[in-house]
Amino acid sequence: MIRLFAGIELPEEIKTQLASLRGGLPMTRWIEKPNLHIGLRFIGDIEEHQAQDVHYNLEKIQFEPFQLQLQTIGFFNPAGVARSIWVGVDDYHTLDKLHRKIDSACKAAGLPAQQRNFHAHVTIAKTNGCPMPNIADYQAMHNLFKTPPFEVGEFCLFSSHPAGFSEHSAFLKERIYPLRNA
């Protein structure tokens, strides 16, 4: 079994900017700089043969390269408790379209449709009981955060490996899919 997801690897200078947002919140685990990415589709734990089918279908995707900019600090709070802090994107419509193509490729490989609504973002931290007033203050302090635009010319298939001795999982780039004109 292998745990996979599709995503966009961020340029190093963008990861550095995101890493500068670390700190200032209690009970928060910050995502390690090498693991910062835009998630496009969680695939999950699948068998190797099915991973090959996913790869084959992802290779067929045609999508034009595009510019993207990260901006806006937000958080997900199911049941009124913040679980993660994220940075949003300026052009979520383009990422929605790419997500749909990736989801279709995964369904063609026999995987079920993704159950959650897609929300383009970069998770920068996981919270564990951090008080909401602290999160609101953090969000207000960083509300003008914005990266310079950057070119997205590919997406990747990543594998996720459990934390082991560290508290963080490691994400490894398994395949790269260049974006090309349709």
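Any value given below was found using the heavy atoms of this structure, including those in side chains, with hydrogens, waters and symmetry copies removed.
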Begin from the C-alpha positions of Ile38 and Leu68 and carry the test side chain to side chain contact (heavy atoms under 4.5 Å, CB included) through to its verdict. CA-CA 11 Å; Ile38 299 171; Leu68 196 60; 3.5 Å; yes
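- Residues Ile43 and Ala6 approach most closely at CD1-N, 4.3 Å, considering heavy atoms.
- Under the side-chain hydrogen bond (donor to acceptor under 3.5 Å, both in side chains) test applied with Tyr177, the options Glu59, His55, Lys60, Glu154 reduce to a single match, His55.
- To the nearest 0.5 Å, the span separating NZ on Lys15 from CD1 on Ile124 amounts to 14.5 Å.
- Contact record, Asn57 with Ala105: ND2-O, 3.1 Å, taken as the closest heavy-atom pair.
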I'd like to know whether Leu95 forms a side chain to side chain contact (heavy atoms under 4.5 Å, CB included) with Ile8, so could you lay out the CA-CA distance, the side-chain angles of the two residues, the decisive distance to 0.1 Å, and finally the verdict. CA-CA 10 Å; Leu95 288 174; Ile8 294 171; 3.6 Å; yes
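- Listed by chain and number, the residues in a side chain to side chain donor-acceptor pair (under 3.5 Å) with Gln139 amount to none (sequence neighbours excluded).
- Counting only distance, with no hydrogens or angles, the side chain of Thr28 and the backbone of Pro26 share a donor-acceptor pair below 3.5 Å.
- Closest approach of Pro131 and Met27 over heavy atoms only: CD-CE, 3.6 Å.
- Atom CD1 in Ile85 sits 10.0 Å away from atom CD1 in Ile31 (nearest 0.5 Å).
- The number of heavy atoms from other shown groups lying within 6.0 Å of NZ (Lys33) is above 12.
- Ring geometry, Phe63 versus Phe66: the interplanar angle exceeds 60°, so the pair is classed perpendicular (tilted spans 30 to 60°).
- Other residues, nucleotides and ligands contribute more than 12 heavy atoms inside 6.0 Å of the CZ atom of Phe118.
- Identified under the side-chain hydrogen bond (donor to acceptor under 3.5 Å, both in side chains) test for residues 113-135, with sequence neighbours left out: His121-Thr123.
- In this structure, Leu70 CG and Leu21 CG are separated by 10.0 Å, a value rounded to the nearest 0.5 Å.
- Between the CD1 atom of Ile46 and the SG atom of Cys106 there is a distance of 7.5 Å, given to the nearest 0.5 Å.
- Taking 4.5 Å as the limit, some side-chain heavy atom of Leu58 sits within range of a side-chain heavy atom of Ile102.
- Of all heavy-atom pairs between Tyr92 and Ala120, the closest is CB-CB, 4.5 Å.
- Here the straight-line distance linking atom CG of Leu36 with atom CG of Leu18 works out to 5.5 Å at 0.5 Å rounding.
- In this structure, His37 and Phe171 have perpendicular ring planes: the angle between them is above 60°, well past the 30° mark.
- Here the shortest heavy-atom pairing between Ile61 and Phe155 reads CD1-CZ, 4.0 Å.
- The two residues Cys156 and Lys173 have their closest heavy-atom pair at SG-CD, 3.5 Å.
- The structure places CG of Asp96 at 9.0 Å from CG of Asp91, a figure rounded to the nearest 0.5 Å.
- Taking the side chain as every heavy atom from C-beta outward, Ile2 and Asp45 never approach each other to under 4.5 Å.
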